[in-house]
Participant: 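Here it is: the structure, laid out below.
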Number of protein chains: 2
Amino acid sequence: MLSVAAQQFAEKGYSGASMRSIANATGITQAAIYHHFPNKQALYMAVLARHLEEKISATVQDLAKIDDPEKCLRELIRRLLQLTEEDEHFRQLYFRELLEGNKERLTALAKNVFGDLLESVGGLLRKLAPQFDLNLLLLSVAGLVCHHVEARKLSPFLPGSKAKHQELDTLSRHISDLLLYGVRGP
Amino acid sequence: MLSVAAQQFAEKGYSGASMRSIANATGITQAAIYHHFPNKQALYMAVLARHLEEKISATVQDLAKIDDPEKCLRELIRRLLQLTEEDEHFRQLYFRELLEGNKERLTALAKNVFGDLLESVGGLLRKLAPQFDLNLLLLSVAGLVCHHVEARKLSPFLPGSKAKHQELDTLSRHISDLLLYGVRGP
DNA sequence: GTCTATAGGACGATAGAC
DNA sequence: GTCTATCGTCCTATAGAC
């Protein structure tokens with residue numbers, strides 16, 4: 001039921017997803033939701049907790065074990081790409097929170113999502129890029145990954161579009177190379 | 001009236017913004033909108049055309065005149081940051097289109113927004129980064145700029161947040177340095 | 001070009017039976 | 001825990017007067 005709600009909130013947004021359609025897709029009537037959650041907001045918060053906060057910590061685990069900083073960064077990019085590709089709703093919910101999240105929800109997002117990210121890869125990034133601000137670098141990585149995956153819907157309509165622009169390996173190499181070496185390339 | 005509608009669509013999304021609230025904020029009644037637009041979709045499309053497609057072409061003009069590629073890239077980043085900061089609705093509408101745009105709307109977005117971008121800075125990027133795919137590079141730049149500005153709402157709640165993370169100059173230098181030199185820095 | 005009025009439906013939430 | 005039924009509110013869109 002939480003995953004059905006996540007799908008609808010991600011695809012249609014908070015206002016666009018109705019309690020009725022979520023209930024119907026779950027297989028119960030709209031009134032029955034109110035036995036599990038007091039109101040729509042509470043249901044939405046439960047969706048966020050499960051879909052954003054749990055998934056990120058599972059994704060970035062074990063990264064600290066990789067010794068070589070460059071390999072570790074490439075692996076971070078690869079995992080984030082895979083997460084945001086496999087779980088379309090994760091990415092959409094994150095974007096929607098950036099757009100519409102109030103102070104309370106943004107605080108939770110910062111603490112639970114980026115807090116976990118920092119813990120896992122903060123050390124790596126500090127070693128790899130001592131000249132850069134850690135928070136800004138994290139936001140750069142998140143922006144690159146999420147935007148590239150989200151823009152795959154847009155990519156086919158761009159002039160000079162190629163099929164390989166859709167592939168995860170292509171995106172992974174592009175982002176990693178860009179981050180590691182800048183526009184001049186490796 | 002189009003700018004009022006842009007504001008509401010950007011802030012509350014398509015479903016969240018009602019014809020009533022748009023009309024009231026404009027100073028007319030809800031029924032009067034239907035004299036100017038046949039329905040809600042048509043109003044939304046008019047908003048997109050004005051707010052996304054017109055603004056981007058004004059922003060990237062004159063860039064080709066700058067000879068030094070590095071200066072030109074820095075200026076591109078600065079202008080895009082300024083556009084997406086000054087015109088909050090531009091950025092929000094772009095993100096919302098990425099999330100919810102159908103094929104027709106994404107085609108228009110690709111053609112009118114990224115088409116203009118390509119025309120103005122395509123040559124620069126090809127010269128500056130011959131090893132990188134042009135479309136992927138454009139999407140990287142767009143993702144970095146938009147995400148950084150959008151994430152300013154999130155930034156204060158991050159661990160280790162600093163006031164300067166909010167400043168446009170800081171963001172501009174961070175993004176430009178990262179693109180030009182990678183994580184190793186200049 | 002804007003108004004009032006209203007149709008017709010979807011929404012969130014509640015009451016109460018089973 | 002789920003149902004049916006319903007309330008009150010909001011919504012998009014239309015009709016018709018001025």
Side-chain angles (χ1 to χ4, degrees), chain A residues 1-52 54 89 92-93 95-106 108-109, chain B residues 1-52 54 89 92-93 95-106 108-109:
Chain A
M1 143 126 220
L2 271 181
S3 66
V4 170
Q7 176 184 352
Q8 302 236 357
F9 281 130
E11 285 169 6
K12 307 189 232 169
Y14 183 78
S15 347
S18 75
M19 300 294 264
R20 267 182 177 76
S21 68
I22 292 171
N24 290 348
T26 314
I28 58 175
T29 61
Q30 170 254 12
I33 297 188
Y34 289 86
H35 177 76
H36 305 276
F37 301 94
N39 52 44
K40 195 182 181 180
Q41 268 294 327
L43 170 61
Y44 184 68
M45 296 296 283
V47 164
L48 283 190
R50 160 135 164 206
H51 239 79
L52 287 184
E54 285 185 11
H89 309 325
Q92 292 171 328
L93 286 171
F95 271 151
R96 288 194 190 280
E97 279 305 285
L98 277 189
L99 282 168
E100 296 180 10
N102 55 28
K103 191 180 163 177
E104 180 199 354
R105 299 208 315 240
L106 287 173
L109 186 69
Chain B
M1 143 126 221
L2 272 180
S3 66
V4 170
Q7 176 184 351
Q8 303 237 356
F9 281 131
E11 286 171 5
K12 307 189 231 169
Y14 183 79
S15 348
S18 75
M19 299 296 260
R20 263 181 180 77
S21 68
I22 293 171
N24 289 348
T26 314
I28 58 176
T29 60
Q30 168 252 16
I33 296 188
Y34 288 86
H35 177 78
H36 305 276
F37 300 96
N39 52 46
K40 194 182 181 181
Q41 268 293 327
L43 170 61
Y44 184 67
M45 296 297 283
V47 164
L48 283 190
R50 161 135 163 204
H51 238 78
L52 287 184
E54 284 185 12
H89 310 325
Q92 292 171 329
L93 286 172
F95 271 152
R96 288 195 188 278
E97 280 304 285
L98 276 190
L99 282 169
E100 296 179 10
N102 55 28
K103 190 181 164 177
E104 179 200 354
R105 298 208 315 240
L106 287 173
L109 187 69

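By convention in this document, chain letters (A, B, ...) are assigned in the order of the sequence lines, proteins followed by strands, and residues within each chain are numbered from 1.
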Participant: Without swapping roles, check the side chain of K12(A) against the backbone of S15(B) for a donor-acceptor pair under 3.5 Å.
Facilitator: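 Pair absent, no side-chain N/O of K12(A) close to backbone of S15(B).
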
Participant: Expressed in angstrom and rounded to an integer, what is the separation of K40(B) atom NZ from dC11(D) atom C1'?
Facilitator: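 Spelled out: NZ on K40(B) to C1' on dC11(D) is 8 Å.
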
Participant: Calculate the interatomic distance between M19(A) atom CE and dG12(C) atom P; express it in whole Å.
Facilitator: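 These atoms are roughly 7 Å apart.
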
Participant: Which value, rounded to the nearest 0.5 Å, describes the distance between M19(A) atom CE and T26(A) atom OG1?
Facilitator: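 If we round to the nearest 0.5 Å, M19(A):CE and T26(A):OG1 are 10.0 Å apart.
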
Participant: Could you check H36(B) against Q30(A) and say which one's nearest nucleotide on DNA chain C is further toward the 5' end?
Facilitator: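 The 5'-side residue here is H36(B).
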
Participant: Calculate the interatomic distance between F37(B) atom CZ and dT12(D) atom P; express it in whole Å.
Facilitator: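 Going from CZ in F37(B) over to P in dT12(D) covers 15 Å.
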
Participant: Are OP1 or OP2 of dC3(C) and a side-chain N or O of T29(B) less than 4.0 angstrom apart?
Facilitator: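 Looking at the OP1 and OP2 atoms of dC3(C), one of them is under 4.0 Å from a side-chain N or O of T29(B).
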
Participant: Between R20(A) and G27(A), just flag the one whose closest nucleotide in DNA chain D comes earlier from the 5' side.
Facilitator: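 Result: G27(A).
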
Participant: So, the side chain of R96(A) versus the backbone of E11(A): is there a donor-acceptor pair under 3.5 Å, distance only?
Facilitator: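 Yes, the answer is positive, given that a donor and an acceptor are paired below the 3.5 Å cut-off.
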
Participant: Measuring from atom CG of L43(A) to atom CE of M1(A), what distance do you get when rounded to the nearest 0.5 angstrom?
Facilitator: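 Spacing of CG (L43(A)) from CE (M1(A)) equals 5.0 Å.
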
Participant: Rounding to an integer number of Å, can you tell me how far Y34(B) OH sits from dA7(C) P?
Facilitator: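 After rounding, the gap between these two atoms is 17 Å.
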
Participant: Reckon A17(A) touches a base, only the sugar-phosphate, or nothing at all at heavy-atom distances under 4.0 Å?
Facilitator: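 Here A17(A) touches the backbone only, sparing every base.
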
Participant: Figure out the CD1/P separation between I33(B) and dT12(D), and round it to whole Å.
Facilitator: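 So the CD1-P distance, I33(B) to dT12(D), works out to 9 Å.
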
Participant: Look at the side-chain N and O atoms of S18(A) and state whether any lies under 4.0 Å from the OP1 or OP2 oxygen of dA10(C).
Facilitator: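 Checking S18(A) against dA10(C): no side-chain N or O falls below 4.0 Å of OP1 or OP2.
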
Participant: Measure the distance from CD1 on I22(A) to C1' on dA10(C) and round it to the nearest whole Å.
Facilitator: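 These atoms are roughly 14 Å apart.
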
Participant: In whole angstrom, give the distance that lies between atom CG of N39(B) and atom C1' of dT12(D).
Facilitator: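 N39(B) atom CG is separated from dT12(D) atom C1' by 9 Å.
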
Participant: Using a heavy-atom cut-off of 4.0 Å across all strands, would you classify A32(B) as base, sugar-phosphate, or nothing?
Facilitator: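 Answer is sugar-phosphate: A32(B) comes under 4.0 Å of backbone atoms only.
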
Participant: Please state whether the rings of H51(B) and H89(B) are parallel, tilted or perpendicular, taking 30° and 60° as the class boundaries.
Facilitator: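 Judged by the thresholds at 30° and 60°, the geometry between H51(B) and H89(B) is tilted.
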
Participant: Send over the distance from Q41(B) CD to dC11(D) C1', rounded to a whole Å.
Facilitator: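 Whole-Å distance recorded here is 15 Å.
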
Participant: Can you see if the side chain of H35(A) gets near the phosphate of dC3(D) - specifically, an N or O under 4.0 Å from OP1 or OP2?
Facilitator: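 Answer no for this pair, as no side-chain N or O of H35(A) is under 4.0 Å from OP1 or OP2.
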
